[in-house]
Amino acid sequence: MNVEMEKENAPPVEAVGDLLVGREERRTGLSVDALRRAILDKLVYVQARFPQVATRRDCFMALAQAVRDRLLQRWVQTARTYRDRGSRTVCYMSAEFLIGPQLGNNLINLGIFDKARQATQEFGLDLEMLLDQEEEPGLGNGGLGRLAACYLDSLATLEIPAIGYGILYEFGIFTQAIRDGQQVELTDKWLRAGSPWLIHRPSIAFDIKLGGHTEFQFEANGERRLRVQWIPAKVVRGTAWDMPVLGYGVNTPNRLRLWSAEAPESFDFAAFNAGNYYQAVDAQIRSETITKVLYPNDETEAGQELRLEQQYFFVACSLKDMIRLQLQREKNLDHFDEKFVIQLNDTHPSIAVAELMRLLVDEYMMEWDPAWAITRKTFAYTNHTLLPEALEKWRLALFKRVLPRHFEIICEINLRFLDEVRIRYPGDDARLRRMSLIDEDGAHYVRMANLAVVGSFAVNGVARLHSELLKSDVLKDFYEMWPEKFNNKTNGVTPRRFVVLANPTMSGLIEETIGPGWVTDMKRLRELEPYADDPAFRESWRRIKTGNKSRLVGEIKRFVHVDVDPASMFDVQVKRLHEYKRQHLNILHVVSLYKRLKDNPDLVIAPRTVIFGGKAAPGYFMAKLIIRLINAVADVIGRDPAMHGKLQVVFFPNYNVKHAQSIFPAADLSEQISLAGKEASGTGNMKFQMNGALTIGTLDGANVEIREEVGDDNFFLFGMSTPEVMELRRTGYRPRTYYDANPHLREVIDLIASGFFTKGDREIFRPLIDHLLNHDEYMVLADFQSYIDCQARVSEAYLDVDRWTRMSILNVARSGFFSSDRAIREYCDEIWNVKPVRIELSHLSGEDMQFTRAIAGAD
Ligand SMILES: *Cc1c(COP(=O)(O)O)cnc(C)c1O
C-alpha cells in the first residue's frame with residue numbers, strides 16, 4: 001500500500017480533529033464574525049427563514065440558538081469531566097426556579113455581550129430589541145424561586161458540580177393585568193412559541209406511582225422475607241427537560257433539570273379498541289395536568305391534592321435520576337450520600353425524605369437502619385418562612401390517598417423518632433406532641449417541616465435574625481434536641497443579572513474606577529468608598545442614575561401610559577403583595593403626604609414618584625384590595641394638577657424578573673417595611689442596595705445585616721423591633737387606640753373611608769379599613785407615625801444632593817456581602833462539603849468518532 005492510499009483511507013487523528021474544528025467554528029467561535037455567520041446559519045437552517053422576511057422573533061431565536069451552541073460545547077465537556085471525576089454533586093431541589101430571560105445573562109456569562117451587539121448591528125438589528133423578545137419563564141412565585149435561580153448562577157460560577165431539580169410548568173405564574181384599577185390574571189403561555197434553551201430528553205423518563213394501596217409480598221429473590229408492595233391507582237411518566245446554566249467567565253454550564261408529566265402510553269389502547277376514544281385521551285390529559293400550572297400562592301400553603309402530586313412527582317423523578325447516575329458508576333447505593341447532597345428549598349420537596357427511604361428499603365432491598373443513615377446524611381433543609389400559615393401540612397386523609405406507602409414510612413420514621421425524644425425528655429408529653437411528624441389536633445395532618453428537620457443533617461434559615469427566630473421559636477424543640485444541625489445562611493443575589501446585565505452604565509463606571517474582577521469578588525466594591533467624596537465621581541454617579549431613571553420612565557410610559565418626572569425621587573416597593581410586607585403602610589404614607597400638600601401648598605418636600613409592583617395570589621382578597629387602593633390613589637393624585645411636580649403614584653403591572661431588571665437600577669429609595677419578625681430575609685432589598693438605592697426599612701430579615709454593612713447613617717430605620725412586636729402582642733394590640741390618639745392618622749384613614757378615592761363609594765375599601773382598625777395583624781397602625789417621621793428624614797436627605805449621592809455610593813460599596821457567591825461558598829464549606837471542578841475547554845476530537853454506548857446498544 002503506498003503512502004497516498006493510506007492518507008485517503010485512514011486520516012490521522014489530528015486531521016479528524018481539524019475537520020471537526022473547522023466545522024465547529026460556526027458553532028463555537030466567539031468572534032463577531034463567527035457570531036454573524038452563526039446567526040445567519042440558524043436563521044436559514046433552523047428557522048427556515050431568509051433575512052428579508054424574518055420576524056423579530058425569528059431573529060431572537062436565531063441569536064439564542066447561536067448562543068446555545070456555545071453553551072452546549074461547554075456543557076458536553078462539563079458532563080464528560082463530571083463523569084470522569086465522579087465528584088460529589090449538589091442537587092438543589094426546588095418546586096420553583098424563577099430564572100428570568102436567559103439570552104442577556106448567557107451573553108454576559110460567555111463574555112460576548114458587546115460582540116453580540118456588534119454582530120446584530122451589522123444586520124441592522126438592535127440587541128435590546130432582540131433581548132426584549134424573550135418570554136419570561138415564570139417558573140416561580142417570588143423570592144424563593146428567584147433565590148434558587150441566583151444560586152444556580154453562583155454554583156456554576158464557582159465551578160461546583162450541581163444539578164437543579166424542578167418542575168417544567170406549562171403555565172408559570174400568571175400574567176398580571178390591571179383593568180379598572182384591579183388585578184386581572186391571565187394564563188402565562190410562556191412555551192407557546194417554544195424555548196430555545198430547553199433540551200428534551202425523552203429517553204430520561206421515569207414512571208411514577210400515585211394513589212392505590214400497599215400489600216405484603218414475599219421477596220422475589222426467593223428469600224422468605226416479607227416486603228411491602230405499593231399497588232398504585234395510576235402511573236404518570238416524567239420526562240426530563242434540561243436547561244444549561246452557564247457560570248460567569250468559566251466553562252461550567254450546570255444542568256437545570258425540569259420534569260414534565262405525561263401518560264405512560266399516549267393512548268389507553270384497551271379503551272381505544274373498545275371504541276372509547278375520549279376516555280383514552282382523557283387519561284392522558286389528566287396525567288399531564290400534574291405539571292400544567294404553578295400554584296400562584298406565595299407564603300401560603302396550597303393544601304390541595306394536585307399540589308401534593310406535583311411535589312411528589314418531581315421529587316420521585318429526581319431521586320430516580322440520581323440513583324440512575326449513581327448506578328452508572330457503582331454497583332449499589334451504599335455510598336449514595338458521598339456522591340450526592342440534596343438541598344431542600346423549603347418543605348415543598350421534603351417528601352423526598354420518605355421517598356428515598358422507600359426506594360432504598362422497598363426497591364433496593366436495604367435494611368431500615370442503613371437506609372435511614374444514608375438518608376440522614378443526604379438531606380439538608382432550608383426554611384423560608386416564619387408565617388405559621390405558610391408551614392406546609394397535609395390532611396392525613398388526603399396524604400394517605402395520594403401516597404399510601406409514604407404514610408406508612410412516615411409513621412415508622414415517627415415511631416423511631418419519638419422514641420428518641422421520649423428517652424431524652426421522659427414524661428414530656430407536650431413536647432412529644434409538638435415534635436411529632438403527625439399533628440393530632442383537629443383533622444390530623446402530616447407536618448412537612450418536622451419531616452424535613454428529622455430527615456436532614458443540616459437546617460438553615462436565610463438571614464441571621466430569621467435563623468435565630470427558628471431556634472428560639474418556630475423550631476425551638478428541634479434546636480434543643482439537635483443544636484448542631486442548626487445554622488444560618490444569609491441569602492444573596494447574583495451580581496451578574498442584577499448589576500452587570502441590569503445596570504451596564506454603573507458597572508462600566510465601577511470597572512473604570514476599580515478595574516476588573518469585582519463581579520466575582522464583590523468585597524472589592526469597598527474600593528469605591530474613597531470616591532464617595534469625589535465631586536467628579538459623584539457627578540458621574542448621578543448622571544448614571546438619571547439615565548437609568550429615564551429608561552424606566554420609558555417603560556412606565558409603555559406599560560402604564562403615564563408620564564413621570566425623572567427628576568423626582570423614585571420611591572419603589574416591588575415584591576409580592578402581602579399584608580405582612582405592608583404595601584398598605586406605604587400607601588398610607590402617600591395619602592398622608594397628599595393631605596399635607598393639599599393643606600399646605602408651600603410645604604417643601606422632595607418631589608416623589610412612588611412606584612409599586614407585585615402580584616397578589618388570585619384568591620387573596622385583602623392583597624387584591626390593596627392593589628385596588630394603590631390604583632385608586634394613583635388615579636386621584638394623577639388627575640390633581642396641584643400634585644404636578646410634587647407627588648405621583650404608579651402601579652407597574654406584572655412585576656417579574658424582566659421588569660425587575662429595569663426597575664432596580666432606577667430606584668432612589670427601597671421600601672423594605674415588613675413587620676419585624678415576619679420577612680425571613682428578603683432579596684429585593686439586596687438588589688436595590690447593589691444598584692445604589694437607599695433603604696427605608698424595619699429591623700426585619702436581611703435588613704438588619706444590610707444596615708450593619710452600610711452603617712446606621714446610610715440607612716433609614718423605623719418601626720418596632722421584633723421583641724417590641726412580641727411584647728405588644730403579649731400585652732394585647734388594639735389598633736384603634738392608635739387611630740384615636742393620632743389626629744393625622746385619623747385624617748388619613750378617614751379620607752380613604754369617606755370614599756374620596758372611589759367617587760364617593762364608601763363600601764369598596766371598608767373591609768380594609770375595618771380590618772386595620774379592628775385586627776391589623778401586621779401592626780400597620782402601630783408603626784405608622786414612626787414611618788411618616790422617617791419618610792420626612794428621607795425627603796430632607798434627598799434634597800441634599802451631595803449627601804444623597806454619597807450615601808448611594810457607600811451603599812453600593814458595602815453591598816459585596818450580599819452576592820450569592822458568598823452565600824454559596826458558605827453552603828459549600830459549611831453544609832455540602834463540595835469542591836470546585838475546573839472545566840477545560842477542548843474541541844471534539846478523534847476520540848469522539850466512537851459512539852461506544854450506542855454501538856453496544858445501551859440506553
Ligand atoms: C427578588 C425578587 C423577588 C423577591 O423580592 P422581595 O422584596 O425579597 O420579596 C420577587 N420577585 C422578583 C421578580 C424578584 O426579582
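Residue numbers start at 1 and run along the sequence shown. In each ligand, atom 1 is the first atom listed, and ligand 1 is the first ligand listed.
Here salt bridge (charged side-chain N to carboxylate O under 4.0 Å, His left out) pairs that include residues 810-819, with residues two or more places apart or in two chains, are E529-R814.
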Are any protein N/O atoms closer than 3.5 Å to the N/O atoms of ligand 1? If there are, list each pair with names and the distance to one decimal place.
from: ligand 1; atom 1: 7 (O); to: K575; atom 2: NZ; distance (Å): 2.7
from: ligand 1; atom 1: 8 (O); to: T683; atom 2: N; distance (Å): 2.8
from: ligand 1; atom 1: 8 (O); to: G684; atom 2: N; distance (Å): 3.0
from: ligand 1; atom 1: 9 (O); to: K581; atom 2: NZ; distance (Å): 2.7
from: ligand 1; atom 1: 15 (O); to: K687; atom 2: NZ; distance (Å): 2.6

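When ring centroids are compared, Y620 and H578 come within the 6.0 Å threshold.
For the pair R822 and F817, the cation-pi criterion (under 6.0 Å, within 45° of the ring axis) is fulfilled. K549 forms a cation-pi arrangement with F570, by the criterion of a distance under 6.0 Å to the ring centre and an angle within 45° of the ring axis.
Y798 and W804 have perpendicular rings, their planes meeting at more than 60° on a 0 to 90° scale where under 30° would count as parallel.
Within the 3.5 Å criterion, the main-chain N or O of A463 finds a donor-acceptor partner in the side chain of N488.
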